[in-house]
2 protein chains.
Amino acid sequence: MHSSDVYASSPAMHGNALTALACGRAQTGPSGQRIAEALRLLSSTVDVQRRLVRAGDTVYQTGQRFSHLYILNSGIFKLLSLSSDGREQVAGLKFRGDWMGFAGIAKGHYVCDAVAMDTGEVWAVRYDTLLAACARQPELMMLLHEAMSAEIVRERETMLSVCTLPADARVADFISYWADSLASRGLRTDQITLCMTRAEIGNYLGLTLETVSRALSKLVRERLISFEQKGRRDISIPDMGLLRSYAQRGQTAAGHTLQ
Amino acid sequence: MHSSDVYASSPAMHGNALTALACGRAQTGPSGQRIAEALRLLSSTVDVQRRLVRAGDTVYQTGQRFSHLYILNSGIFKLLSLSSDGREQVAGLKFRGDWMGFAGIAKGHYVCDAVAMDTGEVWAVRYDTLLAACARQPELMMLLHEAMSAEIVRERETMLSVCTLPADARVADFISYWADSLASRGLRTDQITLCMTRAEIGNYLGLTLETVSRALSKLVRERLISFEQKGRRDISIPDMGLLRSYAQRGQTAAGHTLQ
DNA sequence: CGATAGATTGAGTAGGGTCAAAGTTTGTGG
DNA sequence: CCACAAACTTTGACCCTACTCAATCTATCG
């Protein structure tokens with residue numbers, strides 16, 4: 001088999017297009033099984049350094065010299081952007097199978113803090129080693145490119161949400177996104193735990209914590225979500241479809257029936 | 001020279017970190033000379049298909065099967081995101097040396113329209129061919145990764161701007177970004193031509209066209225920019241530093257002296 | 001020269017920010 | 001095990017920024 005055969009049908013081969021269309025939303029990463037495959041390929045091809053983390057642990061920090069990429073095996077991370085003038089923002093959320101540190105490639109240093117929001121395990125891979133391995137292993141290179149591409153896709157979706165949706169819909173969209181992220185990793189989505197404070201969610205969505213709180217209360221009132229007893233971080237989603245359509249159409253859908 | 005030597009110092013080797021720190025803002029791409037080098041490397045390594053475009057021409061459209069990446073040799077492009085429910089957004093701006101189509105890698109189809117806003121020339125490269133070439137040419141692979149990484153960085157900066165800045169500062173930040181993009185390609189920045197309507201700028205920044213217009217008027221009043229006679233698309237920037245600090249600090253800086 | 005697309009500006013409004021006061025959880029130390 | 005503190009959340013009242021609607025003005029092009 002000549003090497004060019006391997007590349008020939010790369011995008012279609014993995015069937016991302018179909019998956020994405022089917023669920024009506026882009027995926028931060030490949031589906032559950034694909035993630036497992038990807039992790040297996042990675043760990044069998046390059047030397048990974050495993051590290052257990054607990055909520056609050058930082059894997060890398062803004063300004064540190066770029067050297068490794070990190071792949072999330074379990075747990076949930078947030079990326080914190082810090083601008084030169086002190087503004088801070090949650091720039092992204094990472095789940096199992098996601099990569100972290102891409103932005104460092106172009107700059108030579110990390111441009112975010114990567115902070116665990118949960119116990120979990122990250123794999124560190126030296127970037128130079130990875131490049132060398134990619135040259136030998138086309139599948140690995142494709143994997144890497146898909147991961148970077150997926151990050152670009154996700155960031156655009158976030159932009160679209162932030163720029164075009166009113167507050168309530170933005171929060172609904174956020175919850176849908178979180179649930180989809182879990183779903184594409186084979187986890188339950190009827191009941192999810194947001195391991196973020198209202199302030200963090202607001203920061204991520206360009207809203208204040210009060211507005212997030214009000215939006216959540218409104219979603220509860222409209223029966224699109226409900227809180228579990230004891231603690232307001234466990235959310236039940238009776239009908240993902242309803243929630244998602246609310247997010248997409250702004251409050252128009254509910255607006256003309258209830259308000 | 002063994003191939004692993006080539007990878008060893010990849011990020012530092014290109015000196016992006018220094019450049020970025022010096023100008024206080026991330027670059028969408030490498031500096032003028034580096035872009036020329038990159039384009040030379042690309043055209044000498046893989047088979048590029050050159051295409052001249054005029055304002056309004058579309059290079060690829062949402063939904064088309066992904067097959068090529070596009071590199072901008074001259075001109076300015078916008079990327080248009082189109083969500084399933086009809087919301088539309090200018091998702092990015094592309095200048096000489098920038099790549100287009102990355103988001104298609106993960107999805108198998110393009111997720112934006114790429115539209116020329118000016119006459120220019122784009123180079124099309126088959127993605128499968130490119131992958132094969134990357135395996136042989138480490139420099140090419142690094143180039144590609146840096147371009148994808150730079151896009152991620154830029155998108156994060158946009159998010160930060162959109163989520164944390166008031167309207168006037170956001171517009172100021174946008175103009176600074178445009179000027180920086182030109183500067184890093186060796187072009188004049190004291191006088192620039194925004195080839196976008198107020199509606200497009202507003203859409204990109206999550207504002208209405210009226211708000212953009214008012215913000216521009218305000219910037220003129222505060223002498224941070226001025227319009228050229230005949231046409232309100234040619235903008236003079238007497239002092240980039242002032243404009244940039246206005247963008248970063250919101251209107252606080254001007255607020256306590258003028259208002 | 002009119003027609004059309006784009007830009008500016010004003011007036012009124014509403015969505016979301018700000019400030020403030022309680023209420024809930026979680027965690028810690030006695 | 002309880003009490004207290006600290007962190008987080010909710011809700012209300014008020015206000016301001018940016019959106020909406022509308023009129024007018026300016027360029028560009030046939």
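In what follows, chains carry the letters A, B, and so on, assigned in the order in which the sequence lines appear, proteins first and then strands, with residues in each chain numbered from 1.
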Between B:Arg154 and B:Glu151, is the closest basic N to carboxylate O distance under 4.0 Å?
no

Which heavy atom of A:Cys195 sits nearest a heavy atom of A:Glu200, and at what distance?
O-OE1, 4.3 Å

Smallest heavy-atom separation, B:Lys78 atom then B:Val90 atom, equals CB-CG1, 4.3 Å

Gap between atoms [atom1] and [atom2], on [X] and [N] respectively (whole Å):
{"X": "A:Leu207", "N": "C:dG16", "atom1": "CG", "atom2": "P", "answer": "7 Å"}
{"X": "A:Ile201", "N": "D:dT10", "atom1": "CD1", "atom2": "P", "answer": "9 Å"}
{"X": "A:Arg198", "N": "C:dG16", "atom1": "CZ", "atom2": "C1'", "answer": "18 Å"}
{"X": "B:Asn203", "N": "C:dG6", "atom1": "CG", "atom2": "P", "answer": "14 Å"}
{"X": "B:Leu194", "N": "C:dA7", "atom1": "CG", "atom2": "P", "answer": "10 Å"}
{"X": "B:Glu210", "N": "C:dT9", "atom1": "CD", "atom2": "P", "answer": "13 Å"}
{"X": "B:Leu219", "N": "C:dT9", "atom1": "CG", "atom2": "C1'", "answer": "16 Å"}
{"X": "A:Lys218", "N": "D:dT11", "atom1": "NZ", "atom2": "P", "answer": "14 Å"}

Check the phosphate of [N] against [X], side-chain N and O only, distance under 4.0 Å to OP1 or OP2. Yes or no?
{"X": "A:Ser213", "N": "D:dT9", "result": "no"}
{"X": "A:Thr197", "N": "D:dA7", "result": "no"}
{"X": "A:Arg214", "N": "D:dG12", "result": "no"}

If you measure from CG on B:Asn203 to CG on B:Leu209, what distance do you get to the nearest 0.5 Å?
10.5 Å

Going from CG on B:Leu93 to CH2 on B:Trp178, what distance comes out if it is rounded to the nearest 0.5 angstrom?
5.5 Å

Quick one: label A:Arg170 by what it contacts on the DNA or RNA (base, sugar-phosphate, nothing), any heavy atom closer than 4.0 Å.
nothing

Touch class at under 4.0 angstrom, heavy-atom based, for B:Gly206 against every strand present
sugar-phosphate

Which of C:dT9, C:dG16, D:dT10 is nearest the side chain of A:Ser217? It is D:dT10

Considering only heavy side-chain atoms of A:Thr208, the closest of C:dT8, D:dA18, C:dT18 is C:dT18

